[in-house]
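Chain A is the first sequence line, chain B the second, and so forth, proteins listed ahead of strands; every chain is numbered from 1.
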Number of protein chains: 2
Amino acid sequence: MAAGGSRRASVSFIHADRAIDPRGGEHIGSESPVGLLVDLDAFGSMSFARRRVKRGEAVYHAGDRFSAIYAVSSGFFKVGNVDAAGREQVMGFFMRAELFGLDGIGAGRYDGTAAALEDSEIVVLPFALMEAMAQEDAAMQRQLHALLAREIARGHGVMMLLGSMRAEERLAAFFLNLSRRFVCRGYSPSEFHLRMTRQEIGSYLGLKLETVSRLFSLFREKGLIEVRQKHVSIVDIAGLEGVLRDHGREA
Amino acid sequence: MAAGGSRRASVSFIHADRAIDPRGGEHIGSESPVGLLVDLDAFGSMSFARRRVKRGEAVYHAGDRFSAIYAVSSGFFKVGNVDAAGREQVMGFFMRAELFGLDGIGAGRYDGTAAALEDSEIVVLPFALMEAMAQEDAAMQRQLHALLAREIARGHGVMMLLGSMRAEERLAAFFLNLSRRFVCRGYSPSEFHLRMTRQEIGSYLGLKLETVSRLFSLFREKGLIEVRQKHVSIVDIAGLEGVLRDHGREA
DNA sequence: CGACCTTTTGAACGTATTCAACCGATGTGG
DNA sequence: CCACATCGGTTGAATACGTTCAAAAGGTCG
């Protein structure tokens, strides 16, 4: 809880990387939710506090007073909400150079809980400061707005996923989205470790953990992926894209 | 298409009405998606163009260049997206004093299509102008951010609905949400005309139109609502809230 | 009035869930 | 370091829920 490590990080500034969201072209299966990008280490015009977060630890809880948004420096996070009837749902997963905590701006309180899925580090971006900076610099203001708007668009992607895809399609979209995001970070598009449990994946995709598990097996049998615990290799990306495409249109 | 009526409307400015989103207290079944509020007719500091939109007519199409956001002056709108595989989904319905078109800010293009569900009128808010105003006035900037953030939170509400509720709960949440929004506008909380078809409701709720129709009948049989075509009377609000509450928790 | 669209309802079906058992991996403490 | 407890994951069988296909009635609009 105590702001742990308090070294300083130079952060050029928020920067909506177009490479991550190739909307113009094919964005099938992009599942849109790509996360918000921050240019973490470029020319340092400002320096912000960093904070270490241990696996399982929360960055903030639903209802906490909103004060800052967070950029993932390293590690992996999930943001989840709980409604009044006790229903829980993961609203998103966030990896390096993505932002979370924006949901707090509206009401002055975070409406979800953000927790680290592994030992991680974040950059704390006090929102008041961000607003002040945006006030002075029109370009920065535009970036800030683009940032918020992208989170809106990400939401639309998730709605699409939850509202109009069947289980197989959802998982395929999920993998393709992860793949794309890893590529943007210079990692392999086809090999990665899932930091979240089947249960958390299911929560995000609106499915039960057993269903997710079965789908993993199904995809494995179809030769689309290989799975060793949390390690996933995508064997046939085109095949995954096919899963998405086939059901939507007439073959 | 031509900007039809071009009278001027005085618009005090964007104004996030807290009455519409009683998050602090009970927000069960609020289904969050409450829509963004604009104080349409208060003290007029600015005047914006209005535009009439006939039933079925589009305000903008997915892919159109983004230039403005829109405030509903009268009437009813839906915003829907289509993904690359042809899947369609309604992302939201908007009524008087609510804003739509925010999804375009991020990419510079609208990612959905907005259409009127009845003859309507909107106020056109050129976004460049909004940004300029926000640049000059910190309070306005804050409101603008709150506005965008509320759309993010609305999205979370819809995700919750689509990801963790069963059909009955979704429809109950939908009715309660509508009811609340009508109340905020001074209309009856329990009597209203649905401007959208069962099909559109289903699309929004991630259900098929037949399912929606059956749920209407079910709710009628349970004595929760009365239905005469598109006219709906909520007979038992507490009952509807119960539908939401029961499944989430242990009774 | 007639054509079309929306809605309702029934019956069969398919998909995801539930309940349950089991296995494997991980982590802790003796 | 091993034993044990726990957690996460897999798989099966029965079930429930929502969908699909189909038919028909009711509304609406030209």
Please check if the side chain of A:Glu221 supplies one atom and the backbone of A:Leu218 the other of a donor-acceptor pair under 3.5 Å.
no

How would nucleotides 16-30 of chain D be written as a contact map, 5' to 3', with B for base contact, S for sugar-phosphate-only contact and - for no contact, using protein heavy atoms under 4.0 Å?
-SSBBB-----S-S-

Check this one for me: any side-chain N or O of A:Thr197 less than 4.0 Å away from OP1 or OP2 of D:dC7?
no

Please state how far atom CZ in B:Phe216 lies from atom P in C:dT8, giving the value in whole angstrom units.
7 Å

Below 6.0 angstrom between ring centroids: does that apply to A:Tyr204 and A:Phe93?
yes

Heavy-atom donor-acceptor pair, A:Ser120 side chain to A:Glu118 backbone, under 3.5 Å:
yes

Roughly how many Å is it from CZ in A:Phe219 to P in D:dT10, rounded to a whole number?
14 Å

Whether B:Arg198 contacts C:dT6 is assessed here as follows: a side-chain N or O lying under 4.0 Å from the phosphate OP1 or OP2. Is that the case?
no

Backbone N or O of A:Gly112 within a donor-acceptor pair of the A:Asp103 side chain at under 3.5 Å?
yes

To the nearest angstrom, how far is A:Glu200 atom CD from D:dG8 atom C1'?
11 Å

Would you classify B:Ser213 as touching base, sugar-phosphate or nothing, given that sugar-phosphate means primed atoms plus P, OP1 and OP2, and contacts are heavy atoms under 4.0 Å?
base

Measure the distance from CE on A:Met196 to P on D:dG9 and round it to the nearest whole Å.
11 Å

Spacing between A:Leu171 atom CG and D:dT10 atom P, to the nearest angstrom
11 Å

Classify the angle between the aromatic ring planes of B:Tyr110 and B:Phe66 as parallel (below 30°), tilted (30 to 60°) or perpendicular (above 60°).
perpendicular

Which of parallel (below 30°), tilted (30 to 60°) and perpendicular (above 60°) describes A:Phe175 and A:Phe219?
tilted

Does A:Lys230 put a side-chain nitrogen or oxygen below 4.0 Å from OP1 or OP2 of C:dA25?
no

May I have the distance from B:Arg220 (atom CZ) to C:dT7 (atom C1'), rounded to whole angstrom?
11 Å

